[in-house]
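For reference, the structure is listed below as structure tokens.
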Amino acid sequence: MPELPEVEVVKKSLKKTINHLTLKQIQIHNKYLRYEINQNLMKKMISSKILSIDRRSKYILINLSNDHTILIHLGMTGKIIIRVKKNNFNSSFYFDLKGSSNKHNHVIFKFNKGIELIYNDVRKFGFIKIEKTTNLDNSFHLKKLGPEPLSNKFNINYFINNTKKKEIYLKDLLMNQKFVSGLGNIYVNEAIYLSKINPKIKVNKISKKKVIGLIANIKKVLKKAIKEGGSSIKDFSSVEGEDGNYQQYFNVYGRKGERCKHPNCMGIIRALKISNRSTFFCPKCQKY
DNA sequence: TTCTTTGTTCCGGA
DNA sequence: GTCCGGAACAAAGA
């Protein structure tokens, strides 16, 4: 389940492997992802060169020389696989399609040097769209997004100014991409745990001291996860097929019934649903 | 067969 | 009218 750290890891891999290449051909095996792919518009990208590759929230942005950007969202199970033809300059770059079957290779972008980008997605909740680069910030998917959690805009004043009248659960606030963009269920659960706050506290009831800790913990968790190559549970792996390592640092996510890792706590991790999302917390550490 | 998963939208109730 | 949160939806595998 790719959240900000996993998408950042993918972006870094793409920068190393496909930046500045020229798009030669696009094969669309299945255009019905979350949104139907506009094949005519897609074809117009052919013969353009990749100028740069960025990430915004959980979106990968591939900026082309024709003033268009390929925007990719991985949804739940989307994967990007880079494949280099075996007989081309370096066989060690030929990667097996680890953990994914060809059946779910929906789109293949072919570049020069025999390099291919494969979009594979079992559930098809991800999508690929083309946007005008100049209009990117005002595009349908990006215009509503709140600040990046690792940016300076996401700070104590921003948090307090935007929550003092809100009567919503902390968990829901952090999951809301309009408030802060890029967090998902895993890292929200983990950051709230580290901050020793109950996920069901109403956001206007959190002390300033706790808010300061929470913001620091969100940034800390994300940075550490990026450093560890993301979390590999279910389907995530990097474009080279490498698993991330952050899942070994989980304190609460997926640990229902297990002991709290906090020294001397001995609490048992509980699971409940908040807005239909699995929520994990330690009832002893995370009082209101 | 039913449940699970995520991000987003929709809608009922307060 | 506004706010909140549960339900629904997309698809496929266990």
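Order of the sequence lines fixes the chain letters, A, B, ..., with proteins taken first and strands second; residue numbering starts at 1 for each chain.
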At 4.0 Å (heavy atoms only), tell me whether A:F127 reaches a base, stays on the sugar-phosphate, or touches nothing. nothing

Identify each atom pair where a protein N or O and an N or O of nucleotides 12-14 of chain C are less than 3.5 Å apart, giving names and distance.
| unit_1 | atom_1 | unit_2 | atom_2 | d |
| --- | --- | --- | --- | --- |
| C:dA12 | OP1 | A:K124 | NZ | 2.6 |
| C:dG13 | OP1 | A:H104 | NE2 | 3.4 |

Round to a whole Å and report the spacing from [atom1] of [X] to [atom2] of [N].
X	N	atom1	atom2	answer
A:N185	B:dT8	CG	C1'	15 Å
A:K79	C:dA11	NZ	P	21 Å
A:E36	C:dA10	CD	P	15 Å
A:Y32	C:dA11	OH	P	12 Å
A:I37	C:dA10	CD1	C1'	15 Å
A:N176	B:dT6	CG	P	16 Å
A:K31	C:dA11	NZ	P	15 Å
A:R34	B:dT6	CZ	P	13 Å

Using a cut-off of under 3.5 Å, enumerate the N/O to N/O pairs linking the protein to nucleotides 11-14 of chain B.
none

List the residues meeting ring pair (Phe, Tyr, Trp, His ring centres under 6.0 Å) with A:F154, not counting sequence neighbours, and say none if there are none. none

With sequence neighbours left out, what residues match A:H68 under ring pair (Phe, Tyr, Trp, His ring centres under 6.0 Å)? none

Taking only residues two or more places apart in sequence, or in another chain, which ones meet [X] in a side chain to side chain contact (heavy atoms under 4.5 Å, CB included)?
X	answer
A:N198	A:K200, A:F281, A:Y288
A:K287	none
A:I168	A:K166, A:L173, A:V203
A:K208	A:I156, A:I160, A:I212

Ring centres of A:F179 and A:F159 under 6.0 Å apart? yes

Shortest non-hydrogen separation from A:M175 to A:V188 and the atoms involved: SD-CG2, 3.8 Å

Under 4.0 Å protein heavy-atom contacts per nucleotide of nucleotides 1-6 of chain C, with B for base, S for backbone only and - for none: ---SSS

If you look only at pairs with a residue in residues 134-153 of chain A, which of them pass as a ring pair (Phe, Tyr, Trp, His ring centres under 6.0 Å), with sequence neighbours excluded? A:Y35-A:H141, A:Y59-A:H141, A:F127-A:H141

side-chain hydrogen bond (donor to acceptor under 3.5 Å, both in side chains) pairs touching residues 145-154 of chain A, sequence neighbours excluded, are A:R55-A:E148, A:R56-A:E148

How would you list, by chain and number, every residue that makes a salt bridge (Lys or Arg N to Asp or Glu O under 4.0 Å) with A:K43, sequence neighbours excluded? none

